[in-house]
Amino acid sequence: MIDALVPRAEDFDEIAELLALAFHGDVDPELRKVERGIFEPDRSLLVRDGATAVAHAAAFTRDLAVPGASVPAAHVTMVSVAPTHRRRGLLTGLMRRQLREVRDAGREPLAVLWASEGRIYPRFGYGLAAQRFVLAGDTLGLRLPDPAPAEGSLRLDRPAPHRAELARLYERVRADRPGWSHRSEPWWDYVLADVKGLRGGATERRVLLHEGPDGLDGYALYRTKEEWAGTGPRAEVQVGEVVAARPEAYLALWRLLLTIDLTRRVSFPIAAVDEPLFRLVDEPRQLGAQLADALWVRVVDVPAALAARRYATDVDVVVEVTDDLLPENGGRWRLVGGPSGAECTATAAPAGLACDVRALGELYLGGAGLAALTAAGRVRELVPGTVAATAPAFGWHRAPAPMEVF
């Protein structure tokens, strides 16, 4: 195990300096104050060289929405190594120790993270479980369907006065969207913090609220950024998140976001791969969508994780799993489940499929296709017909999607 210590709360400022150095940013005092509110020192690992902090990794304690359930998942974050201490095995040691501690604690069958570089985390068993579209397009001339009669009303305000309403609606919608993380009170502090130094010249954050027949059923957090060209206004609408419980609310929110006076562009960096907006606008190419990675999932406890989620169709399959870092996950596991529940137990029966733990992470949120992983050689079909019989079960009716970078 790497020689790392569990830091104290008062070490946060030093850790923030290390992160700023590693990610090429400045430490903003206002942001530091906000981030201190979600920092969990007892879930952090800090490496020092003498008195100097040179490497760090941490996790947040949060639940993650998965197909049909919400599961405790270690939200891995704040991973950094000082430039002077690269290529010494510090990152490897931190990741290995963190996984071992999560496994031994027995509370979280999963770990999840955002990757600064996609090549880093597969070697620790993380699989790309959710992708996203980054939207950056022109809105001039973009058309949406006409509104339905009496669809509701829209209001604009600052987010803070509506925090409790936003939290209730978010949690209600989260239940049906794999990839969304539960937000505690400190997390709502973090999400709604409006750090001026991070606005990049844009306005303060605003909230657009949609009131339906039964109250608030949709909201959007956004900013605008002024810009003028020789031909006139060219401001941008920067959308942070859109949460809607009804299609009517979703359409109404986007209709306003795409038609704000003096704006000509929209950006939305966390659009889901099945974002309804693509099916509403008359020219989706104009949204300028680019596919990017989002959530990487590491299955820490195979039987607990596979039993925790639900499956789109009935499934009964034996999977042979390999895991170099957590050998307890290795072996043959029989998964029996369906839409109402599942169980996963060790077995000596012949396996129909074989894969490493990384492939299980890719499959876990329902976004990666079992057939695609098999075609790539990442999953091996040991019994003919097993992939065709099993693949529908691992899918889900909603694609996994991110909501915020943590």
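Position 1 is the first residue of the sequence; numbering continues from there.
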What's the spacing between Ser181 OG and Phe60 CZ if we round to 0.5 Å?
10.5 Å
Arg172 CZ: over 12 foreign heavy atoms closer than 6.0 Å:
no
Any donor and acceptor pair, going by atom type alone, linking the side chain of Gln286 with main-chain N or O of Leu140 inside 3.5 Å?
yes
Using side-chain heavy atoms (C-beta onward) and a distance below 4.5 Å, is Arg246 in contact with Pro213?
yes
Can you find a pair of side-chain heavy atoms, one from Asp13 and one from Glu17, that are under 4.5 Å apart?
no
Would Glu185 and Trp187 count as having a side-chain donor-acceptor pair, cut-off 3.5 Å?
no
Are any side-chain N or O atoms of Gln98 and backbone N or O atoms of Val102, one a donor and one an acceptor, separated by less than 3.5 Å?
no
Could you list the residues that satisfy salt bridge (Lys or Arg N to Asp or Glu O under 4.0 Å) with Asp194, not counting sequence neighbours?
Arg199, Arg223
Over all heavy atoms of both residues, which pair between Asp63 and Ser70 is shortest? Give the atoms and the distance, please.
CB-OG, 3.5 Å
Selection residues 291-303 - residue pairs positive for side chain to side chain donor-acceptor pair (under 3.5 Å), sequence neighbours left out:
Asp293-Trp296, Arg298-Asp323
Sorted by chain and residue number, the salt bridge (Lys or Arg N to Asp or Glu O under 4.0 Å) partners of Asp324 (sequence neighbours excluded) come out as none
Which residues satisfy the salt bridge (Lys or Arg N to Asp or Glu O under 4.0 Å) test with Asp11, sequence neighbours excluded?
Arg8, Arg48
Carefully, step by step, assess Asp274 and Arg177 under the rule salt bridge (charged side-chain N to carboxylate O under 4.0 Å, His left out).
CA-CA 11 Å; Asp274 63 349; Arg177 179 60 95 170; 2.9 Å; yes
Within 6.0 Å of CD in Gln290, more than 12 heavy atoms from elsewhere
no
Under 4.0 Å between a Lys/Arg side-chain N and an Asp/Glu carboxylate O for Arg100 and Asp104?
yes
Strictly by modelled atom types, are Thr263 and Arg234 linked by a side-chain donor-acceptor pair under 3.5 Å?
no
I'd like to know if the side chain of Tyr364 and the backbone of Ala305 have a donor-acceptor N/O pair within less than 3.5 Å.
yes
Within-4.5 Å side-chain heavy-atom neighbours: Val79 and Leu91
yes
Considering only heavy atoms from C-beta outward, does the side chain of Ser267 approach that of Val239 to under 4.5 Å?
no
Phe268: which residues meet the ring-ring contact (aromatic ring centres under 6.0 Å, His included) condition with it, sequence neighbours left out?
Trp254
Check: Thr139 main-chain N/O paired with Arg265 side-chain donor or acceptor under 3.5 Å:
no
Nearest 0.5 Å, what's the CG-CG distance between Leu166 and Leu192?
6.5 Å
Okay, side chain of Arg123, backbone of Ile120: is any donor-acceptor separation there less than 3.5 Å?
yes
Stepwise side-chain contact (heavy atoms from CB on, under 4.5 Å) test for Phe278 and Leu135:
CA-CA 11 Å; Phe278 294 114; Leu135 306 189; 3.6 Å; yes
Contact list for residues 302-315, test side chain to side chain donor-acceptor pair (under 3.5 Å), sequence neighbours left out
none
Restricting to non-hydrogen atoms, name the atom on Val315 and the atom on Ala393 that form the minimum distance, rounded to 0.1 Å.
CB-CB, 3.6 Å
Counting only heavy atoms not in Asp282 (residues, nucleotides, ligands), do more than 12 fall under 6.0 Å from its CG?
yes
Between Arg107 and Glu101, does any NZ, NE, NH1 or NH2 come within less than 4.0 Å of an OD or OE carboxylate oxygen?
no
List in chain and number order the residues that pass ring-ring contact (aromatic ring centres under 6.0 Å, His included) with His75, two or more places apart in sequence or in another chain; answer none if no residue qualifies.
Phe406
Assess whether a salt bridge exists between Arg332 and Glu320, defined as any Lys/Arg side-chain N lying under 4.0 Å from an Asp/Glu carboxylate O.
yes
Which residues pass the side chain to side chain contact (heavy atoms under 4.5 Å, CB included) test with Ala129, sequence neighbours left out?
Val297, Leu365
Within the side chain of Asn329, is there an N or O that forms a donor-acceptor pair under 3.5 Å with the backbone of Val300?
yes
Is there side-chain contact between Arg97 and Leu45, with at least one heavy-atom pair below 4.5 Å?
yes
With Tyr219, the side chain to side chain donor-acceptor pair (under 3.5 Å) member among Arg155, His210, Glu241, His162:
Glu241
Pairs of donor and acceptor atoms involving the side chains of residues 354-363, under 3.5 Å and at least two apart or interchain, shall be tabulated with distances.
| residue | atom | partner | partner atom | Å |
| --- | --- | --- | --- | --- |
| Asp356 | OD1 | Arg358 | N | 3.4 |
| Asp356 | OD1 | Ala359 | N | 3.0 |
| Glu362 | OE2 | Arg378 | NH1 | 2.6 |
| Glu362 | OE2 | Arg378 | NH2 | 2.7 |

List the steps and the verdict of salt bridge (charged side-chain N to carboxylate O under 4.0 Å, His left out) for Lys33 and Asp28.
CA-CA 9 Å; Lys33 181 179 179 180; Asp28 184 290; over 6 Å; no
I need the minimum non-hydrogen distance between Leu46 and Pro7, along with the two atoms involved.
CD2-CB, 4.1 Å
Arg334 atom CZ, over 12 foreign heavy atoms within 6.0 Å
no
Asp176 bridged to Arg398 by N-O distance under 4.0 Å
yes
Flag, side chain of Lys225 to backbone of Gly200, donor-acceptor distance under 3.5 Å:
yes
Answer whether the closest heavy-atom distance between the side chains of Leu110 and Val66 falls below 4.5 Å.
yes
Could you list the residues that satisfy side chain to side chain contact (heavy atoms under 4.5 Å, CB included) with Thr61, not counting sequence neighbours?
Glu40, Arg43, Glu108
Are Arg183 and Glu171 close enough, and set up right, to give a salt bridge (charged side-chain N to carboxylate O under 4.0 Å, His left out), and what steps lead you there?
CA-CA 8 Å; Arg183 291 174 176 171; Glu171 197 62 22; over 6 Å; no
Side-chain donor/acceptor of Glu283 to backbone N/O of Arg285, under 3.5 Å:
yes
Tell me whether His56 contacts the main-chain N or O of Met78 through its side chain, where contact means a donor paired with an acceptor under 3.5 Å.
yes
For Leu216, is there any backbone N or O sitting under 3.5 Å from a side-chain donor or acceptor partner on Arg168?
no
What pairs with Tyr170 under ring-ring contact (aromatic ring centres under 6.0 Å, His included), at least two apart in sequence or on another chain?
Trp180, Trp188
Salt bridge (Lys or Arg N to Asp or Glu O under 4.0 Å) partners for Glu343, two or more places apart
none
For Arg143, does the CZ atom sit with more than 12 other heavy atoms under 6.0 Å from it, leaving out its own atoms?
no
